[in-house]
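This report refers to the structure that appears directly beneath it.
These numbers were taken from a predicted model, which means no experiment stands behind them.
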Amino acid sequence: MNLSFTPATVETDIEQTSRPSLSYWQDAWIRLVANKRAITSLFVIICLLLFAFVAPHTIWRVKHDIQNLDRASEPPWVNRKALVLSDNDTWNDVVVPDAVGEHRAPTSLEVVGEAATSRVRLMWDAVPNSHGYRVYRNIVEPREGAPLGLSIGVVNESTLVSFEDRLDIRQKPYWYSVVALHEDGSEFDTAKTLRVVPQRSIYVSEALALPGVDSAQPGETVALVWHPLGTDYLGRDMLARLMKGAQVSLTIGIVAPLLFMVLGIVIGSVSGYFGGIVDAGLMRFTDFVIALPFLLFMILFKLMFVPPEGEANFLSSVQDFLGIEGGILAMVVALVLLSWPGIARLVRGEVLKIREQGYVEASRLLGAPNRWLIGRHMIPNTMGVVLVSFTFAVPATIFTEAFLSFIGMGVVPPTPSWGSMCNDGIRTMETYPHELLFPALFISITVLAFNLLGDGLRDALDARMRSSE
């Protein structure tokens with residue numbers, strides 16, 4: 001019996017991948033982009049870098065160290081309109097005959113002309129039997145039984161009934177009080193008080209020097225130079241100082257971590273790869289560095305790099321030759337020499353795991369030298385952990401710089417940094433909060449942005465979270 005068989009046709013569907021396979025870094029980038037907080041933080045960091053290093057040369061070219069004491073501690077919301085005064089703004093005192101009557105204080109007190117920040121001129125009527133007058137100024141309305149304020153002048157003639165105030169006048173309300181004096185200099189029991197709000201003023205010659213002002217006459221008003229974020233206690237532009245402070249803070253916050261990361265990576269890689277006595281020696285040295293007091297060494301480095309005025313040494317000469325501003329190099333050196341042990345320990349732990357992998361043993365059997373194994377296999381495979389550590393080290397360094405500058409151990413004035421600006425703003429916090437608010441806000445935004453980016457990188461670079469598609 002002859003049987004013939006026909007082979008069955010079996011159609012097999014071969015599963016094909018929907019997309020090409022991704023490398024470790026490509027997959028990490030996709031997951032990082034999907035993290036909105038991390039991407040927003042990255043955008044904020046880029047904006048801060050542009051704010052620090054590009055904007056001062058393109059958008060806002062105002063110098064950060066130019067002082068204008070007439071506009072000291074000026075908030076950004078202040079009225080910039082100024083009354084133009086004559087350059088020869090002189091005034092003759094008002095003299096009247098002796099008064100007749102029984103009143104014990106001036107019955108009238110008025111401002112002569114316009115009250116301006118350059119001068120406030122007062123005139124009153126004479127008080128019978130007085131031998132002069134004392135003029136007070138207060139920033140709050142005097143109450144009964146309370147002091148009248150600051151004594152700003154004494155008029156020693158009973159017939160002289162005028163006074164001109166030129167003592168650091170600001171654009172805010174004042175209460176002027178006039179008290180008659182006895183022959184022995186004691187005051188009468190009553191006073192006359194007047195509330196005055198000076199108008200910002202500027203002289204003709206100063207008005208003509210303003211940009212965009214071609215002509216100015218006394219009595220006109222002009223707009224003063226705009227300071228978007230106000231001025232500090234010396235009249236310096238806050239926006240320009242924040243840009244300069246951003247350069248200092250971000251430079252220290254990025255350069256110092258880069259340097260001590262490199263040092264920590266090298267020490268950690270060598271320690272973890274060779275092990276034995278090399279590992280023991282390097283780790284004991286690491287423990288020794290960790291035990292060193294950072295603040296004490298910061299003081300020592302500052303004395304070495306920033307000697308007392310009039311003195312110089314080799315390190316300060318090198319700093320001046322490099323054109324590095326006072327205190328910056330000392331802080332960077334202190335941070336680099338004392339901050340590497342953390343990353344060294346982290347890299348050592350990763351290398352201890354990597355050196356036991358099969359591909360490392362295969363390379364060793366093929367005759368690869370130690371420097372090749374460390375540079376080709378050890379260090380590249382720890383970069384994910386190192387990158388995350390770097391993003392956390394930057395805000396920590398920025399905060400350290402701000403703290404040291406705040407207590408006077410960081411960047412040397414007049415070089416601005418966000419920390420030193422906060423230290424200056426503390427003095428006027430209650431009356432001019434903008435001097436503290438803006439640098440503190442920039443520190444907070446920068447630290448938050450780097451921390452959120454570090455969280456995103458940590459999640460994106462975690463190999464256990466790679467997509468299984």
Side-chain angles (χ1 to χ4, degrees), residues 21-29 31-32 252-294 297 301 332-397 400 450-451 453-467:
S21 61
L22 298 177
S23 68
Y24 170 77
W25 293 103
Q26 289 174 329
D27 185 74
W29 173 251
R31 282 185 280 113
L32 179 65
I252 295 175
I254 294 176
V255 172
L258 280 175
L259 295 178
F260 71 68
M261 282 281 175
V262 171
L263 182 59
I265 289 171
V266 172
I267 294 177
S269 300
V270 172
S271 176
Y273 179 76
F274 288 102
I277 189 172
V278 175
D279 181 30
L282 289 176
M283 286 300 100
R284 298 298 75 75
F285 179 67
T286 300
D287 295 336
F288 169 75
V289 174
I290 292 175
L292 297 177
F294 176 79
F297 274 80
F301 283 124
V332 171
V333 171
L335 288 168
V336 171
L337 294 182
L338 300 177
S339 300
W340 59 266
I343 188 64
R345 284 183 165 185
L346 185 64
V347 171
R348 171 183 174 271
E350 293 295 315
V351 171
L352 287 175
K353 293 188 297 183
I354 295 172
R355 73 175 187 176
E356 303 300 331
Q357 299 295 322
Y359 62 87
V360 175
E361 185 64 26
S363 297
R364 186 183 292 111
L365 293 174
L366 290 173
N370 290 329
R371 63 176 182 274
W372 168 265
L373 292 174
I374 294 176
R376 182 65 180 84
H377 294 303
M378 304 298 173
I379 294 179
N381 283 286
T382 62
M383 290 312 296
V385 176
V386 169
L387 187 59
V388 173
S389 300
F390 174 76
T391 57
F392 286 115
V394 170
T397 305
T400 301
F450 273 102
N451 278 322
L453 178 60
D455 287 338
L457 284 173
R458 181 186 58 195
D459 295 339
L461 295 174
D462 191 346
R464 293 170 297 180
M465 299 182 63
R466 293 193 63 180
S467 175

F392 side chain near N451 side chain, heavy-atom distance below 4.5 Å: yes
From CA spacing to verdict: salt bridge (charged side-chain N to carboxylate O under 4.0 Å, His left out), D459, R31: CA-CA 8 Å; D459 295 339; R31 282 185 280 113; over 6 Å; no
Lys/Arg-Asp/Glu bridge criterion (N-O < 4.0 Å) met for R345, D287: yes
From CG (D279) to OG1 (T286), nearest 0.5 Å: 9.0 Å
4.5 Å side-chain heavy-atom contact, L263 and I267: yes
Heavy-atom side-chain contact between I343 and F390 under 4.5 Å: no
Heavy-atom pair with the smallest gap, counting every atom of G272 and L352: O-CD2, 3.4 Å
A393 backbone acceptor or donor facing T397 side chain under 3.5 Å: yes
Flag side-chain contact, heavy atom, 4.5 Å: F294 against T400: yes
Passing candidate, side chain to side chain contact (heavy atoms under 4.5 Å, CB included) with L346, options V351, I265, V385, V386: V385
Whether T391 side chain and V388 backbone form a donor-acceptor pair below 3.5 Å: yes
Rounded distance (nearest 0.5 Å) linking atom CZ of F450 with atom CG of L457: 11.0 Å
Shortest non-hydrogen contact between S271 and L282, atoms and distance: CB-CD1, 3.7 Å
Nearest-0.5 Å distance that lies between atom CZ in R348 and atom OG in S269: 12.0 Å
Shortest non-hydrogen contact between S339 and P341, atoms and distance: C-CD, 3.3 Å
Non-hydrogen side-chain atoms of V278 and Y273 separated by less than 4.5 Å: no
Residues V289, W340; criterion side-chain contact (heavy atoms from CB on, under 4.5 Å); working and verdict: CA-CA 9 Å; V289 174; W340 59 266; 3.6 Å; yes
